[in-house]
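Note sheet for the following structure.
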Amino acid sequence: MANRLRHAGLIVSLVLLIGIVTGCGGAKQEPAKTNPPAPPAQQVASQPAKVPALSAKPGDWKPDGVIADNEYAKMQQFGEFEVYSRIDGDKVRMALKAKTNGYVAIGFEPAQRMQDADIILGFVKDGKATVADMFSTGPTGPHPPDEQQGGKNDVTVFGGSNKDGVTVIEFERKLDTGDPKDKVIKIGDNKIIWAISEEAAFSGKHAKRGGGVLKL
Ligand code: HEM
């Protein structure tokens with residue numbers, strides 16, 4: 001028995017010795033020096049995304065969900081929510097953009113919180129854009145369509161896209177619609193609220209929301 005154990009011990013020592021001499025075994029097998037080093041994660045993350053060019057005299061406007069170079073005059077960022085805008089006569093044209101597969105929404109001139117905000121909310125589902133003209137009846141909603149509150153739908157020209165987890169909604173609206181369920185959008189400062197939901201449905205609650213002043 002003792003002999004057998006001594007024999008086994010000798011074999012283990014021999015295998016270990018061969019391993020050390022040849023460099024075999026464990027993690028040392030990797031020919032690390034011949035592999036090009038992977039770029040640090042930071043380097044990849046900091047590649048700037050292409051920002052569309054803006055123009056004081058923007059060119060054609062197409063509500064196709066693509067924010068083209070020189071399609072808008074201004075861009076303002078509220079957290080992760082981007083608003084592109086241009087004024088054309090008595091109309092404002094906008095693009096709302098955020099990293100989501102759900103809805104993006106903007107609300108004009110709330111009294112406090114969501115109360116009385118004139119909301120335009122849009123999403124893209126199965127390649128189809130849906131946009132609604134709504135009005136919030138309370139500080140945390142609800143915000144039914146204007147049409148259900150004695151008003152009318154004033155956002156009939158719109159489009160959108162949902163690509164690579166980013167949603168863009170483009171629409172136009174008269175600055176002053178005359179609808180009691182709309183606020184007048186001003187050339188100048190507009191108090192706004194914004195929201196991003198993960199759900200492509202009117203009923204979805206926001207994952208992110210905030211407020212600010214939109215300068216047109
Ligand atoms: C079905 C849809 C929605 C539901 C159920 C909802 C519900 C609520 C609730 C319960 C709050 C208070 C708690 C919190 O801060 O999360 C809130 C706050 C807020 N919501 Fe909404 N919301 C909806 C849509 C929207 C939309 C479309 C907007 C913007 C256009 C919006 C903008 C805001 C803002 C800015 C606040 C914070 C207000 C403050 O505390 O100053 N919400 N919402």
Side-chain angles (χ1 to χ4, degrees), residues 63 65 67 72 74-87 91-126 128-162 165-177 179-216:
I67 302 172
Y72 289 93
K74 293 186 177 171
M75 193 279 266
Q76 250 182 284
Q77 194 148 5
F78 302 89
E80 294 168 30
F81 189 81
E82 291 176 14
V83 183
Y84 292 77
S85 62
R86 62 189 277 171
I87 302 287
K91 285 186 192 133
V92 61
R93 287 168 167 161
M94 282 190 194
L96 310 179
K97 179 179 172 190
K99 208 167 181 194
T100 183
N101 295 318
Y103 73 62
V104 288
I106 189 164
F108 294 93
E109 301 296 336
Q112 44 101 13
R113 307 186 92 187
M114 294 168 62
Q115 178 82 53
D116 296 343
D118 172 12
I119 291 176
I120 296 171
L121 182 154
F123 54 84
V124 179
K125 199 173 177 187
D126 303 326
K128 184 177 166 279
T130 302
V131 175
D133 181 6
M134 305 171 134
F135 190 85
S136 184
T137 59
T140 58
H143 43 88
D146 292 3
E147 285 164 310
Q148 288 175 22
Q149 306 184 58
K152 61 185 198 309
N153 178 14
D154 293 281
V155 187
T156 53
V157 179
F158 61 81
S161 66
N162 172 228
V166 174
T167 291
V168 174
I169 293 292
E170 296 186 282
F171 64 87
E172 72 175 24
R173 206 203 85 169
K174 270 190 155 182
L175 292 165
D176 185 357
T177 63
D179 184 342
K181 293 298 164 193
D182 284 336
K183 296 290 172 78
V184 176
I185 299 175
K186 298 182 286 291
I187 298 176
D189 289 1
N190 295 269
K191 185 176 160 193
I192 62 138
I193 52 172
W194 58 268
I196 303 170
S197 177
E198 278 157 14
E199 287 173 61
F202 293 133
S203 55
K205 209 197 151 188
H206 28 73
K208 290 177 183 143
R209 77 325 187 251
V213 174
L214 180 70
K215 293 171 184 297
L216 295 176

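One-based numbering, in listed order, for ligands and for the atoms of each.
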Original post:
Any N/O/S of Met114 under 2.8 Å from atom 21 (Fe) of ligand 1?
Top reply: yes
Subject >> Pick from Leu96, Thr140, Asp118, Ile119: the one approaching atom 9 (C) of ligand 1 most closely through a non-hydrogen atom >> reply: Thr140
Subject >> atom 29 (C) of ligand 1 - nearest protein heavy atom and its distance >> reply: Ala195 CB, 3.5 Å
Original post:
Who's the nearest protein heavy-atom neighbour of atom 2 (C) of ligand 1, and how far?
Top reply: His143 NE2, 3.1 Å
Original post:
Quick one: do Asp118 and Arg173 make a salt bridge, cutoff under 4.0 Å?
Top reply: yes
**OP:** Going by heavy-atom distance to atom 17 (C) of ligand 1, choose the closest among Met134, His206, Arg209, Glu199.
**Re:** His206
Subject >> Closest to atom 35 (C) of ligand 1 among Gly210, Ser203, Gly212 (heavy-atom distance) >> reply: Gly210
Subject >> Any Gly204 heavy atom less than 4.0 Å to ligand 1 >> reply: yes
Original post:
Considering only protein heavy atoms, which is closest to atom 39 (C) of ligand 1, and at what distance to one decimal place?
Top reply: Arg113 NE, 3.5 Å
Original post:
Hey, would you say the Phe202 and Tyr103 ring centroids sit under 6.0 Å apart?
Top reply: no
Subject >> Pair Lys152 + Asp154: basic N to acidic O under 4.0 Å >> reply: yes
Original post:
Relative to the heavy atoms of Gly107, which atoms of ligand 1 are at a distance of less than 4.0 Å?
Top reply: 30 (C)
Original post:
Does any non-hydrogen side-chain atom of Ile193 lie less than 4.5 Å from one of Met114?
Top reply: yes
Original post:
With no hydrogens and no angle check, is any side-chain donor or acceptor of Gln115 less than 3.5 Å from a backbone partner on Thr137?
Top reply: yes
**OP:** Measure the distance from atom 27 (C) of ligand 1 to every protein heavy atom, then report the residue, atom name and distance (to 0.1 Å) of the closest one.
**Re:** Ala105 CB, 3.6 Å
**OP:** Name the closest protein heavy atom to atom 4 (C) of ligand 1, giving the residue it belongs to and the distance to 0.1 Å.
**Re:** Lys205 CG, 3.6 Å
Original post:
Which is it for Gln112 and ligand 1 at heavy atoms under 4.0 Å: side chain, backbone, both or neither?
Top reply: neither
Subject >> Donor-acceptor contact present, side-chain Glu109 to main-chain Lys191, <3.5 Å >> reply: yes
Subject >> ligand 1 versus Tyr103: contacting region, heavy-atom distance under 4.0 Å >> reply: side chain
Subject >> Check: Gln76 side chain, Lys215 main-chain N or O, donor-acceptor pair, under 3.5 Å >> reply: yes
